[in-house]
Amino acid sequence: MGYPIGVGNDRTVVRVLLDRRGRTYAEEAGIQLADRPRPLYQLLVLTTLLSTRIRACLAVDAARELFAAGYRTPQAMEAASWQERVDALGRGHYRRYDERTATMLGTGARLCLDRWHGDLRRLHREAPGDPAGLRRRLTEFPGIGPTGADIYLREAQTVWSDLRPYADRRALAGAKRLGLPGSPDGLAGLVDEPDFGRLASALVRVALGEESAGEVTRVAAR
């Protein structure tokens, strides 16, 4: 009671969705995301892996293997041999694109060091509150196109509050399947501001079929 028509139900759907799928992809990859150079670079690695046509769970597993091997900074990633990067990707079962991706990770690490001195906070400071400007800069990294840039910004909004609410086309497609508002601002009204990044990731899981829209709405209707 007290909500406009539909909002109360929408909040219930969102609550159920977050209960079921409330972890970001960064969290699943073991990244303790913060506005610091190392986790922001780790998110870039994860984004590179998620940007290929491979299941998200395999990209997450491959990222975990790279980090477990010690490749958590651009310095460490570049210092690793190409074969060492291939081997780590293989341990994560990221085999279809492992050789090309190993090359891109090395090249991307060098770009991160040369252009932003290994600190992606510098990239953020070049275009604060400007998603389009940040997207252009992110697409300079090999393997990261517009979709990859969206992935990075969608996850980074948990620590870069000037981006919120950021919902890319995949997140909005997931919202549509659930009958939720079709705009970032409309979705933002359904959660506390710090939770919007989690919601955006959860909606992507619906869009990708990792979570059933029908099951979420059935549970919400109980």
Under the 3.5 angstrom rule, does the side chain of [X] hit a backbone N or O of [Y] as a donor-acceptor pair?
X      : Y      : value
Glu65  : Ala62  : no
Arg137 : Leu123 : no
Asp61  : Gly92  : no
Asp192 : Pro194 : no
Thr139 : Arg136 : yes

Transitive ILVMFWY side-chain link [X] to [Y], under 4.5 Å:
X      : Y      : result
Val60  : Leu89  : yes
Ile151 : Leu49  : yes
Leu134 : Ile144 : yes
Tyr152 : Leu172 : no
Val86  : Tyr94  : no

Problem set entry | Separation of Leu190 CG from Asn9 CG (nearest 0.5 Å) |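 Taking CG in Asn9 and CG in Leu190, the distance rounds to 11.0 Å.
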
Exercise. Which distance, rounded to the nearest 0.5 Å, do you find between the OG of Ser51 and the CE of Met104?
Worked result: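 Ser51 atom OG to Met104 atom CE measures 8.0 Å (nearest 0.5 Å).
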
For this session: Kindly determine whether Glu78 and Thr107 satisfy side chain to side chain contact (heavy atoms under 4.5 Å, CB included), including the steps that lead there.
Result: CA-CA 8 Å; Glu78 187 188 39; Thr107 304; over 6 Å; no

Problem set entry | With Arg64 via salt bridge (Lys or Arg N to Asp or Glu O under 4.0 Å) - residues at least two apart |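 Checked Arg64 against salt bridge (Lys or Arg N to Asp or Glu O under 4.0 Å); zero matches.
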
Problem set entry | Sequence-distant partners of Arg198, salt bridge (Lys or Arg N to Asp or Glu O under 4.0 Å), two or more places apart |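 For Arg198, the residues satisfying salt bridge (Lys or Arg N to Asp or Glu O under 4.0 Å) (neighbours in sequence not counted) are Asp195.
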
Under 3.5 Å, sequence neighbours excluded: what are the donor-acceptor pairs made by side chains of residues 213-222?
{"unit_1": "Glu215", "atom_1": "OE1", "unit_2": "Arg218", "atom_2": "NE", "d": "3.4"}
{"unit_1": "Glu215", "atom_1": "OE1", "unit_2": "Arg218", "atom_2": "NH2", "d": "3.0"}
{"unit_1": "Thr217", "atom_1": "OG1", "unit_2": "Ala213", "atom_2": "O", "d": "3.1"}
{"unit_1": "Thr217", "atom_1": "OG1", "unit_2": "Gly214", "atom_2": "O", "d": "2.9"}

Exercise. Looking at residues at least two apart in the chain, or sitting in another chain, which of them share a side chain to side chain contact (heavy atoms under 4.5 Å, CB included) with Gln157?
Worked result: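 Result, side chain to side chain contact (heavy atoms under 4.5 Å, CB included) vs Gln157: Arg154, Leu163, Arg164, Tyr166, Phe196, Ala200.
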
Exercise. Is it the case that Arg205 places NZ or CZ above or below the six-membered ring of Tyr25, under 6.0 angstrom from the centre and within 45 degrees of the axis?
Worked result: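 Yes; both conditions hold, so Arg205 lies above the ring face of Tyr25.
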
Answer whether the closest heavy-atom distance between the side chains of [X] and [Y] falls below 4.5 Å.
X      : Y      : result
Arg96  : Leu58  : no
Glu155 : Ser201 : yes
Thr52  : Arg100 : yes
Pro165 : Asp185 : yes

Are there more than 12 heavy atoms of other residues, nucleotides or ligands under 6.0 Å from atom [atom1] of [X]?
X      : atom1 : result
Arg55  : CZ    : no
Arg110 : CZ    : yes
Gln32  : CD    : no

Least distance between heavy atoms, [X] atom then [Y] atom:
X      : Y      : value
Arg135 : Leu153 : N-CD1, 4.2 Å
Ala63  : Leu46  : CB-CD1, 3.9 Å
Ala59  : Ile54  : CB-CG2, 4.5 Å
Pro128 : Glu126 : CD-C, 3.7 Å
Met77  : Leu105 : CG-O, 3.7 Å
Leu120 : Leu40  : CD1-O, 3.5 Å

Exercise. Salt bridge (charged side-chain N to carboxylate O under 4.0 Å, His left out) between Asp168 and Arg170: does it pass, once the steps are laid out?
Worked result: CA-CA 5 Å; Asp168 61 352; Arg170 282 183 175 171; over 6 Å; no

Exercise. With sequence neighbours left out, which residue pairs that include part of residues 102-143 fulfil the ring-ring contact (aromatic ring centres under 6.0 Å, His included) condition?
Worked result: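 Residue pairs with at least one partner in residues 102-143: Trp116-Phe141, His124-Trp160.
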
Exercise. What do the steps show when you test Val191 against Leu18 for side chain to side chain contact (heavy atoms under 4.5 Å, CB included), and what is the final call?
Worked result: CA-CA 10 Å; Val191 291; Leu18 290 178; 4.1 Å; yes

Exercise. After noting the C-alpha distance and the side-chain angles of Leu203 and Leu178, does the key distance pass the side chain to side chain contact (heavy atoms under 4.5 Å, CB included) rule?
Worked result: CA-CA 9 Å; Leu203 290 172; Leu178 290 166; 3.8 Å; yes

For this session: Go through the structure and list residues passing ring pair (Phe, Tyr, Trp, His ring centres under 6.0 Å) with Tyr71, not counting sequence neighbours.
Result: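 Residues passing ring pair (Phe, Tyr, Trp, His ring centres under 6.0 Å) with Tyr71: none at all.
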
For this session: Let me see the working for Arg15 and Asp19 under salt bridge (charged side-chain N to carboxylate O under 4.0 Å, His left out), right down to the final yes or no.
Result: CA-CA 6 Å; Arg15 185 170 62 249; Asp19 285 345; 5.3 Å; no

Problem set entry | Evaluation steps, side chain to side chain contact (heavy atoms under 4.5 Å, CB included), between Tyr41 and Arg38 | CA-CA 5 Å; Tyr41 174 71; Arg38 179 176 292 193; 5.9 Å; no

